[in-house]
There are 2 protein chains.
Amino acid sequence: MDARTLCLGVLQLGDASGYEIKKVFEEGVLSHIYETSFGSIYPALNRLVEDGLAICTEMPQDKRPDKKVYSITPAGRAALAAALQQVPAPDRIRSDFLFILMFGHLVPRPHLERLIDQRINWYRDTLARIDKCDTANWSASAQLFAGLGRTVFTAAAEYLEQNRHLLEQQESPTDRNGPAAAVAE
Amino acid sequence: MDARTLCLGVLQLGDASGYEIKKVFEEGVLSHIYETSFGSIYPALNRLVEDGLAICTEMPQDKRPDKKVYSITPAGRAALAAALQQVPAPDRIRSDFLFILMFGHLVPRPHLERLIDQRINWYRDTLARIDKCDTANWSASAQLFAGLGRTVFTAAAEYLEQNRHLLEQQESPTDRNGPAAAVAE
DNA sequence: GGTTGCATGTAAATGGTTACATGATTGT
DNA sequence: ACAATCATGTAACCATTTACATGCAACC
């Protein structure tokens, strides 16, 4: 799924500007499954218009650049439907936090603790973002999507809260001398 | 975290060849948090050696290319420790499956059902990969890492199994005429 | 007076994937 | 006979991120 398809998906939910699309990936429904930057959204929208998959309506605004509101076209809908029926690529996850946790014994414990605090907060924030969505009139599969997110983030937050105490027995690398060396070899 | 740091992490766990490192990200401990390809691993290992963060021992093998076994150096350990203490970048997730699920009403139901079957299997497979790891002599934080993975994937699999029936009420786009149009607008 | 939010865009740089190139061994 | 596993590597390609460029309004 490239940026173009992602934008089509958001436009399928309703007309939007590039700025608004970014917000959907930042604080909206899709914030926990994809991230994007302006540098990918704006070019994607231009290509969508070029290819006839979206149209753009310029809304003049006083004292601001024109707001360009994009709408999906029938061809766009067809393209989205086709993309959705492709074999999905496996999830691509890159989690610095999890990597650090795996090697947490190489890191000062207070630092690790702080990271865990932050991660729990992030789970809670994400949960709040999901709950903020008014899913009442969503399709059944979109509700399944939202519920899955809720389930996973709740489970993760609870697990960390309930199990972080396991770190207490662990020595911090600054507590001793031959730090990393003690673990491998 | 770039490919170099990821390789350092694996080497910290024990000496390995490029091929073996890839397996760690494919079927090993880190399979659910990062993915890599040979095209990123081999150049990364070369740079690690150039920078003195790893050393390479060529093990001649009969009838096969020399196996190049890499070992982390003290400088490499220091570099890894430093990288682990950087502020972690937010998780970067790209999930085609979740995106498709969000727009599942645009896809024929049998197709969606198949995807869900596959996803449950993938969760189960990942769980099996995690359980296959012998975590007994892992550090506390590595065990927390493994436990978090177990928790999250278990919760996800169970959620999908228990709630997929919600899709039953949903009409498939092939069931009716104006398909996508019914949802937006 | 500084930061945040609104609003769009481009260009360079980064980084990674995909595809190619090679080849023996082992299992089906 | 064919596929998979072992084993390494390069180069072209691709997408995305980052940084830059601009500027007003509202809030603190």
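Chain letters run A, B, ... following the sequence lines, proteins first and then strands; every chain starts at 1.
Of the listed residues (A:Ile33, A:Leu84, A:Leu144), just one forms a side-chain contact (heavy atoms from CB on, under 4.5 Å) with B:Leu101, and that residue is A:Leu144.
OP1 or OP2 of C:dT8 has at least one side-chain nitrogen or oxygen of A:Tyr42 nearer than 4.0 Å. At least one side-chain nitrogen or oxygen of B:Ser17 sits closer than 4.0 Å to the OP1 or OP2 atom of D:dT8.
Contact check on A:Glu20 versus A:Lys67 returns a salt bridge, with a Lys/Arg side-chain nitrogen under 4.0 Å from an Asp/Glu carboxylate oxygen. Contact check on B:Arg124 versus B:Asp131 returns no salt bridge, with no Lys/Arg side-chain nitrogen under 4.0 Å from an Asp/Glu carboxylate oxygen. Salt bridge present: B:Asp91 and A:Arg119 bring a charged side-chain N and a carboxylate O closer than 4.0 Å.
In this structure, B:Leu45 atom CG and D:dG9 atom C1' are separated by 12 Å, rounded to whole Å. Regarding A:Leu48, its CG atom lies at a distance of 15 Å from the P atom of C:dT8, rounded to whole Å. Atom CD of A:Glu58 is separated from atom C1' of C:dG9 by 13 Å (rounded to the nearest Å). With rounding to whole Å, A:Glu26 atom CD is found 12 Å from D:dT17 atom P. Between the NZ atom of A:Lys22 and the C1' atom of C:dG5 there is a distance of 12 Å, rounded to whole Å. As a whole-Å value, the separation of B:Phe38 CZ from C:dT18 P is 13 Å. Straight-line distance from the CZ atom of A:Arg94 to the P atom of C:dG15: 11 Å, rounded to whole Å. Rounded to whole Å, the distance from CZ on A:Arg92 to P on D:dC14 is 16 Å.
Among the atoms of the strands shown, only primed sugar atoms or phosphate atoms (P, OP1, OP2) are found under 4.0 Å from some heavy atom of B:Lys23. At the heavy-atom level, B:Glu35 lies under 4.0 Å from the strands shown only through sugar-phosphate atoms.
When distances run from any side-chain atom of B:Asp2 to the nucleotides C:dG9, D:dT8, C:dG16, the shortest one goes to C:dG16. When the nucleotides C:dT17, C:dG5, D:dT16 are ranked by their closest atom to the side chain of B:Ser37, C:dT17 comes out on top. You'll find that the side chain of A:Tyr19 is closest to C:dA7, out of C:dA7, D:dT8, C:dG9.
Judged by the 6.0 Å and 45° rule, B:Lys22 forms a cation-pi pair with B:Phe38.
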